[in-house]
Amino acid sequence: MIHSQHDALVDIEAGDEPLSNRSANPFFADIAAQRVSRRGWMAGGMAAFMTGFLPAGSAEASATATGPQPSIGFQPVPVAVQDRITLPPGYSVQVLIPQGTMLDGSTGRPLVEMSGEEQGRAIGAHHDGMHFFPIEGRAPDQGSSTEGLLVLNHEYVEPRFMHARAAGLSLGAGRMPLEDGARNPDEALKEINAHGVSVVRIARGADGAWNVVADSRNRRVTAGTPMEIAGPARGHALMRTKYSPDGTRTRGTLNNCAHGVTPWNTYLTCEENWAGYFVNRVQAEQRPREQARYGVPVQQSRYNWDQARGGADEFVRFNATIQGADATADYRNEPNGFGWVVEINPFDPASTPVKRTALGRFAHEGVVFGPVAEGRPVVAYSGDDSTFEYIYKFVSRAPFQAASASGALLDEGTLYAAKFNADGTGEWLPLVHGQGPLTAANGFADQGEVLVNTRLAADTVGATKMDRPEWGAVDPVDGRVYFTLTNNSRRTEAQVDAANPRSRNAFGQIVRWREEGDDHAATRFAWDLFVIAGPEDNSRVAGDAALTADNTFACPDGLWFDADRRLWIQTDIGENEQLRGALAPFGNNAMLCANPVTGEIRRFLTGPVGQEITGVVTTPDRRTMFVNVQHPGATTTAADFAAGRVNSAWPDGEGRLPRSATIVITKNDGGVIGT
Ligand code: FEO
Ligand code: CA
Ligand code: CA
Ligand code: CA
């Protein structure tokens with residue numbers, strides 16, 4: 001049994017991936033290891049352990065032959081370490097909307113010269129999950145392939161690449177230093193406004209290049225935008241703050257990692273590593289459980305926004321220390337307004353984003369829907385990306401009706417946590433107040449309390465601890481659900497050894513499952529591992545082959561099925577591990593393309609220095625692909641930065657600071673991407 005030795009304090013200097021689960025549930029790695037020792041990775045494939053489990057008449061009781069296969073025709077690209085995008089022969093790339101691009105189409109000032117207010121009218125930082133909504137606004141994947149609203153997350157910021165004052169300072173990829181004991185308030189505002197979501201109309205011109213188009217719907221949602229709270233936690237005592245004494249509203253969304261797209265054509269943005277943005281200046285053990293279990297720090301907040309000079313309410317709200325007579329007099333409950341899935345209607349710029357609390361509170365990576373059917377519940381899957389956390393699914397109480405479907409479907413239903421059994425079966429454990437151990441006697445007074453403490457509820461019912469669940473994707477043909485598990489701990493590369501290489505899991509894997517009876521609302525499933533990532537001598541792909549030079553990868557994160565059933569896999573080897581130790585052979589972060597039936601995988605794209613590849617979507621015709629390149633140059637050391645040496649100049653070129661940006665990929669013959 002592996003136990004996390006980490007305290008529940010957020011390590012905000014070293015990356016974006018804190019640990020905080022110290023409960024005693026079994027670890028997925030242990031269960032996977034039991035299966036290895038008994039019959040080896042993948043032996044017999046999924047069919048072996050599904051025998052007798054799925055009804056014989058279900059679509060494919062055997063999971064081996066499953067309908068049409070995707071066409072994958074490009075020449076794989078090699079591992080790369082250069083500061084550039086590399087694509088297969090016959091493909092071209094354009095850079096679009098780097099951080100600081102003005103939403104009104106104007107030129108704007110250089111990023112480091114922008115004010116906080118200007119950043120609030122420009123594309124934010126650290127591009128992540130993303131969707132292209134065809135401009136007609138009728139369906140998320142039907143309509144124009146030349147014009148639409150691109151909606152994307154801005155996960156976090158790298159202050160040293162944003163502020164003129166940073167030049168020459170010895171700074172890593174963390175926070176700016178205080179000035180006379182306080183944060184510069186405009187720098188803090190600029191960082192707040194670089195977070196959140198961008199909605200930006202884009203169009204392809206006659207020359208084939210894509211550009212921003214001024215539009216009344218172009219919009220920034222930031223870490224300060226007013227939001228509604230919906231679902232069972234709305235109005236709960238734990239949600240009351242000085243800003244919202246009745247617990248129905250909050251401000252902003254934080255650390256928006258991956259995303260979701262609803263069947264009713266809205267965008268969901270997911271709050272991942274939000275805990276570190278707050279501080280509660282007490283002894284660690286004095287924090288309430290709804291902070292301690294998520295790692296709210298006790299010394300300082302991630303960017304010290306709470307310490308902005310002047311003490312404006314928009315800044316002091318990040319200080320969750322008890323200061324007033326009750327919860328409506330301070331911000332002790334402010335962190336409880338975060339950790340949710342937030343719905344945004346990109347086609348209504350006046351709409352207020354809504355936090356959908358029924359989907360649970362944790363480090364939401366993203367959310368992915370099962371296929372909808374008239375009269376059936378809506379089902380959404382979501383992973384909690386922290387080491388040893390859980391995979392969840394939500395099943396709506398009301399059935400889907402296309403004519404009237406809305407976000408209200410996400411306010412009532414059942415949240416489940418996944419339990420992966422050693423025999424290849426699995427169970428969905430309900431997180432419902434009054435069911436099983438989730439009672440008042442066990443500390444859960446009502447459903448709001450269950451949801452605010454989702455991780456503790458999942459601990460209590462005995463869900464399976466996973467190796468950092470990241471994105472999910474649903475096979476458009478057979479309905480299988482795939483989830484990336486990125487690694488066990490980013491700090492353990494030095495502990496990986498050849499004799500027992502998976503015990504600390506530096507490389508990650510992709511798990512997949514089928515719901516019983518192919519019903520996404522089912523409470524049982526059958527699972528296997530699609531890929532065990534890693535080097536050629538320490539990896540497996542469906543069909544029992546090892547990865548090769550054409551497709552070795554590590555730390556899978558982004559995951560997306562296109563409509564032709566290509567499975568796109570994106571990697572996020574952490575900033576502290578890239579090009580080092582056991583992760584060195586994988587080069588810069590990359591994107592691969594997989595056939596889910598055969599397990600064929602080819603490396604499609606490699607990115608510049610220091611970044612992660614994250615976020616992928618195509619136009620409906622699959623002939624234009626959008627991909628995000630997040631945090632180029634993040635691996636620059638503090639000493640090098642002080643000396644004026646930054647290890648990436650992507651995308652602007654020599655002598656310029658790196659910026660996150662979207663890239664647009666096309667095939668030179670106008671063909672479908674990936675063929
Ligand atoms: Fe923000 Fe789990 O990646
Ligand atoms: Ca991610
Ligand atoms: Ca990351
Ligand atoms: Ca990641």
Side-chain angles (χ1 to χ4, degrees), residues 10-19 124-131 152-158 172-174 195 197 254-260 268-274 276 302 341 362-368 381-389 391 466-473 482-493 505-510 533 553-560 568-578 583 586 588-592 607-617 627-635 648 658 660:
V10 178
D11 177 0
I12 56 177
E13 293 292 351
D16 201 40
E17 293 150 0
L19 302 168
H126 285 50
H127 304 33
D128 208 318
M130 168 173 59
H131 189 71
L152 63 152
N153 290 345
H154 299 294
E155 190 181 25
Y156 60 107
V157 295
E158 182 151 354
H195 279 72
V197 174
L254 286 171
N255 210 267
N256 304 88
C257 194
H259 71 295
L268 300 176
T269 186
C270 300
E271 301 179 333
E272 191 192 23
N273 292 313
W274 47 272
R302 181 169 183 161
V341 171
F362 44 92
H364 277 280
E365 175 74 21
V367 57
V368 63
Y381 300 89
S382 187
D384 183 353
D385 179 14
S386 218
T387 305
F388 311 129
E389 293 297 344
I391 291 175
M466 308 299 281
D467 289 346
R468 295 189 48 208
E470 300 255 23
W471 289 48
Y482 290 65
F483 260 77
T484 49
L485 301 169
T486 200
N487 56 46
N488 188 305
S489 167
R490 66 182 171 84
R491 291 193 182 85
T492 60
E493 68 181 37
N505 196 5
F507 307 124
Q509 68 264 26
I510 299 176
F553 69 95
C555 306
D557 186 340
L559 194 69
W560 183 67
W568 298 90
I569 303 166
Q570 302 177 311
T571 73
D572 179 17
I573 300 167
E575 292 93 302
N576 288 352
E577 294 168 328
Q578 287 181 33
L583 281 305
F586 300 95
N588 296 344
N589 279 310
M591 183 166 78
L592 305 99
V609 171
Q611 53 72 46
E612 70 173 271
I613 297 292
T614 179
V616 53
V617 66
V627 170
N628 282 328
V629 178
Q630 187 189 104
H631 63 66
T635 48
S648 174
S660 297

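Atoms within a ligand are numbered from 1 in the order they appear, just like the ligands themselves.
Annotation: ring pair (Phe, Tyr, Trp, His ring centres under 6.0 Å) contacts of His259 (sequence neighbours excluded): Tyr267, Trp471. Residues meeting the ring pair (Phe, Tyr, Trp, His ring centres under 6.0 Å) test with His131, sequence neighbours left out: Phe133.
Of all N, O or S atoms in Glu365, the one lying closest to the Ca ion (ligand 2) is OE2. The minimum distance between the Ca ion (ligand 3) and any N, O or S atom of Glu612 involves atom OE2. Taking the Ca ion (ligand 4) as reference, the nearest N/O/S atom within Asp572 carries the name OD2.
Taking backbone and side chain together, Glu575 holds no N, O or S atom under 3.0 Å from the Ca ion (ligand 3). Among the backbone and side-chain atoms of Asp128, no N/O/S atom is found under 3.0 Å from the Ca ion (ligand 2). For the Ca ion (ligand 4), the set of nearby N, O or S atoms under 3.0 Å includes one belonging to Glu470. Here Asp557 fails the criterion, with no N, O or S atom under 3.0 Å of the Ca ion (ligand 3).
In this structure, a donor-acceptor pair under 3.5 Å is present between the side chains of Glu612 and His631. Side-chain atoms of Thr614 and Asp128 form a donor-acceptor pair, as typed in the model, at a separation below 3.5 Å. A donor-acceptor pair shorter than 3.5 Å can be found between the side chains of Ser382 and His364.
The closest donor-acceptor contact from the side chain of Asn487 to the backbone of Gly508 lies at 3.5 Å or more, if one exists at all.
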